[in-house]
Amino acid sequence: MANPFKRIKQKYLLKNLRSRKHLKEIKNMDQVRTIGIVFHLGDELSWKYLYAIVMELEHSNRRVHMICDQVNGQEMTYIITHSQTTICHEKEDFDMWGVPHDSSTENFLTRKYDVLIDVTGGDSFFSQYMVLKADADLNITYIDDSDKPSENVMDMYDMTIHGNGPIDLPAFFENVCNYLQMVRK
């Protein structure tokens, strides 16, 4: 069971971050140059899908930076080969409240992103904290409508793509790119 004091502290931190000004700017996909991705370290197949998508984005002249969390005790049986990926390990990179240390997140948070994509659906303190803390023009996520997301999670994002069931990474990124291709200024 999670420490109730920890949950209270996390809610307080997120509330303070939500009060910051965020001016959303939607760019056409042709204008998007920097992309940030927040994800949870998962199985090897999920990583391969995500890595293939990132390679496709980078081949189209976009810089992609990723950050993820690794839950304590979760074993990683594959190698993360993307050089711009930051892994925050629960045991070493978080304080007692579950807040990632600045030293582990500074490489990701010191950049400005045209688009920040959260493939976790905002389902954890880590993902919500990273989305609210990052400097991004547009925050995007996938929402699983069968899980009934909270209003607080929905309010954090400028654009949400809805579905029923777990995220299908290739279809999700295809939808994101298609919607951003439709934007005309």
Side-chain angles (χ1 to χ4, degrees), residues 1-3 6-7 10 13-14 32 34-111 113 115-134 136 139-147 149 153 156-157 160-177:
M1 182 173 155
N3 179 344
K6 183 177 178 178
R7 296 293 308 147
Q10 288 176 345
L13 288 169
L14 292 176
V32 171
T34 56
I35 299 172
I37 298 176
V38 178
F39 68 102
H40 297 308
L41 199 60
D43 60 30
E44 186 174 5
L45 183 60
S46 297
W47 168 251
K48 285 182 177 181
Y49 279 138
L50 187 57
Y51 184 66
I53 292 163
V54 168
M55 290 293 96
E56 184 75 25
L57 290 168
E58 288 183 341
H59 287 323
S60 60
N61 294 323
R62 291 173 180 85
R63 289 186 318 265
V64 180
H65 298 272
M66 299 189 292
I67 192 162
C68 68
D69 61 337
Q70 180 182 16
V71 179
N72 197 16
Q74 179 184 14
E75 193 172 313
M76 193 166 77
T77 58
Y78 55 94
I79 297 173
I80 302 290
T81 54
H82 188 259
S83 64
Q84 297 302 318
T85 299
T86 303
I87 301 172
C88 296
H89 304 278
E90 187 175 48
K91 192 172 185 175
E92 302 102 28
D93 297 326
F94 293 87
D95 68 12
M96 65 184 270
W97 303 111
V99 177
H101 295 296
D102 290 341
S103 60
S104 60
T105 60
E106 75 177 320
N107 188 38
F108 185 80
L109 292 177
T110 56
R111 301 180 187 318
Y113 300 102
V115 176
L116 181 70
I117 302 171
D118 177 5
V119 297
T120 70
D123 67 351
S124 69
F125 172 75
F126 173 78
S127 58
Q128 292 175 19
Y129 181 83
M130 294 311 296
V131 167
L132 292 170
K133 192 94 167 149
N139 296 324
I140 302 173
T141 195
Y142 171 82
I143 298 291
D144 179 2
D145 288 332
S146 62
D147 278 351
V153 170
M156 288 178 19
Y157 299 96
T160 57
I161 296 178
H162 293 257
N164 286 313
I167 188 171
D168 175 356
L169 286 174
F172 170 70
F173 275 92
E174 183 178 342
N175 281 329
V176 169
C177 291

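Both backbone and side-chain heavy atoms feed into the values below; hydrogens, waters and symmetry mates do not. In what follows, residues are counted from 1 in the order of the sequence shown.
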Test item: [X] and [Y] side chains (from C-beta on) under 4.5 Å apart, heavy atoms:
X      : Y      : value
Val32  : Arg62  : yes
Leu41  : Tyr78  : yes
Met66  : Ile80  : no
Ser104 : Glu92  : no
Asn107 : Gln84  : yes
His82  : Met55  : yes
Leu109 : Met130 : yes

As a test of understanding, state which of Ile140, Ile53, Ile167 forms a side-chain contact (heavy atoms from CB on, under 4.5 Å) with Val119. Ile167

Check the surroundings of atom [atom1] in [X]: do more than 12 heavy atoms from other residues, nucleotides or ligands lie under 6.0 Å from it?
X     : atom1 : answer
Ile79 : CD1   : no
Glu58 : CD    : yes
Phe94 : CZ    : yes

From [X] atom [atom1] to [Y] atom [atom2], the distance as rounded to the nearest 0.5 Å:
X      : Y      : atom1 : atom2 : answer
Ile67  : Arg111 : CD1   : CZ    : 11.0 Å
Asn175 : Phe173 : CG    : CZ    : 11.5 Å
Thr160 : Ile143 : OG1   : CD1   : 5.5 Å
Thr141 : Ile117 : OG1   : CD1   : 9.5 Å
Leu132 : Leu13  : CG    : CG    : 10.5 Å
Ile87  : Met76  : CD1   : CE    : 4.5 Å

So which atom in [X] and which in [Y] form the shortest heavy-atom distance, rounded to 0.1 Å?
X      : Y      : answer
Ile37  : Val64  : CD1-CG1, 3.8 Å
Ser146 : Gly165 : OG-N, 3.7 Å
Leu116 : Ala134 : CD2-CB, 3.9 Å
Thr81  : Trp47  : N-CZ2, 4.1 Å
Tyr142 : Pro166 : OH-O, 3.9 Å
Leu57  : Ser60  : O-OG, 2.8 Å

Parallel, tilted or perpendicular, judged at 30° and 60°: which one describes the rings of His40 and Phe126? tilted

Would Asp95 and His101 satisfy side chain to side chain donor-acceptor pair (under 3.5 Å), going step by step from the backbone distance to the final call? CA-CA 7 Å; Asp95 68 12; His101 295 296; 5.7 Å; no

Look at the side chain of Gln10 and the backbone N and O of Trp97, then say whether any donor-acceptor pair between them is shorter than 3.5 Å. yes

Backbone N or O of His89 within a donor-acceptor pair of the Gln70 side chain at under 3.5 Å? no

Is the distance between the ring centroids of Tyr113 and Phe108 under 6.0 Å? yes

Go through it in stages, so that I can follow the logic: the residues are Phe125 and Asp69, the test is side chain to side chain contact (heavy atoms under 4.5 Å, CB included), and I'd like the CA-CA distance, side-chain angles, deciding distance and then a yes or no. CA-CA 11 Å; Phe125 172 75; Asp69 61 337; over 6 Å; no

